[in-house]
Asker: 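The structure follows.
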Amino acid sequence: MMKHLRRVLKVFALMALVLTFIVTYFAANNFPVKQVKAESPVAVQKAETPLRDKETNTANIVEKDAWWTDPAAYKANLMLKVNGSSLSGPMDVIFVLDRSGSMDMTYTDNANSEGYPLYSSPCLNQKHFYLEPLGQTKEPVENADVTKVYNNADNTLTVYNPDVKQWEQVGTTPVHLFEQFTPDTAKYIPYHFKKEGDAFVRISHWDATAQVGNKATPGVWVHGEEDEGCYDRWMLSKKAITTVSTKLFKEHPENRVALVPFSIRDSSMVEHLNYNSARMNNFRDNLVSKNAEKGHFDTTTGTGIDAGGAITDTYNSIVGWKNNIVDNEAALEDMLPRLFTTPQTDYQYGLSMAYNLLQERSDEAKSSKGAMVVFLSDGVPQSASTMRLGWGGGGSIVSFAQADARILSMSDAITNNQPVAIEGALTGLYQRHDINPTYLTPLE
């Protein structure tokens, strides 16, 4: 019973840490954040020596509450009080970063026949709006400008939709934000606006040349533009990693930061990108077209591009342990801009690789330094069956075991430095993928 309680408390501690990182980062960068109820300051007593007793290194949420202050503006007060032990001294920190498409507002791999990029993230700028389409309407004036937004007397808008070549009426009451765009909510994608003074400015635009998804003909709606002030979970997560890492490097000369991106696992990435289907051909070609600017595929990631446009070699996006802060900071600064979002959300792969990084540390590091895994995700996992059986014929993506509940074994192993227990032989369909065999032990 106590063992399971400790696991729960450790999860609470991680949740509180991630919340602190994100809120701190938002405040530092003037992003709109939820208003937090002010509380009396409480003095925090730092430990004189690092606390290394994993049995006492726990935290507990003693009080939590949330309430709306302005629902129409999506403003709420959040309150979270946590007590627990603190760590001082050098730390090894691993960021496990979700790079699945639902993190990214520019993700277009799942664009449907109407050119709506399904399962992409919405823009998170609370000063921007997704508006309600009200249907087809007549041309607002003779020879109307198809790039212009026309204001109507009934407080609606008239805009032109180039994908269907018709004028449409749009309401001006914002709809609620979504976790990601599904087939039910995709209708709002063409209607992303911001206001400049009293005027509505349309951000969504139609890219008539883009080859995306399974579409036979070009064309996709682009609904998020960084130049327009849009941002998403993908942008915020990468910037938060940079901000927190910079602070860690300043706090102690022996602090180290590693990075583990996850979606499709790295060892399967090239096979997936080169898989011969219209969907993956379009996806790969879009990445290759941006390679000169973004550097997705070169010696840094262990890959290249052949004369036919196929990706070669074995992809590697992990930033492992470095011997000094200069190299560590340079490696993170180099890799983060090269990352791209893909199909799949194989979070178990991300935790597997984090486990490997923790276990490969020296005995001295394990005994003298604290360790922490920070998991950054939008919380939408891939199904266990898909991870076990593979995706789209592009190669197997296996799970830890036959049920997602086995993730508890991984969480426990990460915190106590013990080998991961598995069912049956060390190889086979349900082996925890990409864990170094040195760190595996069969269940008795």
Side-chain angles (χ1 to χ4, degrees), residues 3 6-7 10 14 52-55 57 90-97 254-271 301-303 313-324 327-328 331-332 335 346-375 384 387-388 390 395-444:
K3 187 174 182 180
R6 288 196 299 271
R7 291 173 183 165
K10 288 165 186 171
L14 179 57
R52 300 296 176 233
D53 182 356
K54 294 182 174 64
E55 298 304 313
N57 179 27
M91 293 285 295
D92 286 334
V93 179
I94 303 173
F95 287 100
V96 180
L97 174 62
E254 295 181 25
N255 282 348
R256 299 188 297 179
V257 175
L259 173 67
V260 179
F262 71 92
S263 55
I264 298 170
R265 56 178 171 164
D266 279 7
S267 57
S268 302
M269 182 68 76
V270 171
E271 184 179 3
T301 57
T303 49
D313 304 311
T314 301
Y315 184 74
N316 179 30
S317 62
I318 293 175
V319 175
W321 305 121
K322 303 301 178 183
N323 293 325
N324 57 74
D327 290 346
N328 201 164
L332 290 171
M335 183 58 71
D346 192 356
Y347 64 90
Q348 295 182 354
Y349 163 78
L351 291 176
S352 296
M353 302 311 293
Y355 174 75
N356 282 346
L357 285 170
L358 288 176
Q359 297 291 21
E360 74 182 32
R361 296 181 304 153
S362 67
D363 291 339
E364 180 183 357
K366 289 180 181 179
S367 63
S368 64
K369 302 179 71 175
M372 186 172 296
V373 176
V374 181
F375 187 83
M387 284 192 285
R388 289 197 300 269
S396 62
I397 300 178
V398 294
S399 174
F400 281 131
Q402 297 188 24
D404 278 346
R406 298 295 299 173
I407 194 70
L408 292 175
S409 296
M410 173 57 64
S411 300
D412 189 48
I414 281 178
T415 60
N416 64 25
N417 287 328
Q418 296 300 313
V420 173
I422 66 165
E423 298 172 347
L426 298 184
T427 59
L429 183 60
Y430 297 117
Q431 179 185 342
R432 291 171 172 80
H433 51 230
D434 291 304
I435 289 184
N436 188 320
T438 305
Y439 311 136
L440 293 173
T441 182
L443 290 173
E444 296 296 334

Asker: Taking only residues two or more places apart in sequence, or in another chain, which ones meet Thr314 in a side-chain contact (heavy atoms from CB on, under 4.5 Å)?
Answerer: none
Asker: Can you name the side-chain contact (heavy atoms from CB on, under 4.5 Å) partners of Ser362, sequence neighbours left out?
Answerer: Glu364, Ala365
Asker: Identify, with sequence neighbours excluded, every residue that meets salt bridge (Lys or Arg N to Asp or Glu O under 4.0 Å) alongside Asp92.
Answerer: Arg256, Arg361, Lys369
Asker: Parallel, tilted or perpendicular, judged at 30° and 60°: which one describes the rings of Tyr439 and Tyr355?
Answerer: perpendicular
Asker: Assess whether side-chain contact (heavy atoms from CB on, under 4.5 Å) is satisfied between Asn356 and Val260, documenting all intermediate values.
Answerer: CA-CA 11 Å; Asn356 282 346; Val260 179; over 6 Å; no
Asker: What is the minimum heavy-atom distance between Asp346 and Ser263, and which atoms define it?
Answerer: CB-O, 3.0 Å
Asker: Sequence neighbours excluded, which residues qualify as side-chain hydrogen bond (donor to acceptor under 3.5 Å, both in side chains) partners of Asp266?
Answerer: Arg99, Ser317
Asker: Walk me through it: do Val93 and Asn255 pass the test side-chain contact (heavy atoms from CB on, under 4.5 Å)?
Answerer: CA-CA 8 Å; Val93 179; Asn255 282 348; over 6 Å; no
Asker: To the closest 0.5 Å, what do you measure between CH2 (Trp321) and CD1 (Ile94)?
Answerer: 4.0 Å
Asker: Going by side-chain hydrogen bond (donor to acceptor under 3.5 Å, both in side chains), name the residues that satisfy it together with Asp327, two or more places apart in sequence or in a different chain.
Answerer: Asn324
Asker: Before giving the answer on side-chain contact (heavy atoms from CB on, under 4.5 Å), spell out for Ile318 and Met353 the whole-Å C-alpha distance, their side-chain angles and the decisive distance to 0.1 Å.
Answerer: CA-CA 9 Å; Ile318 293 175; Met353 302 311 293; 3.7 Å; yes
Asker: Using the test side-chain contact (heavy atoms from CB on, under 4.5 Å), find all partners of Asp313 that sit at least two apart in sequence or belong to another chain.
Answerer: none
Asker: Would you say Met269 and Asn316 make side-chain contact, with heavy atoms under 4.5 Å?
Answerer: no
Asker: Under a 4.5 Å cut-off applied to non-hydrogen side-chain atoms, are Val319 and Phe95 in contact?
Answerer: no
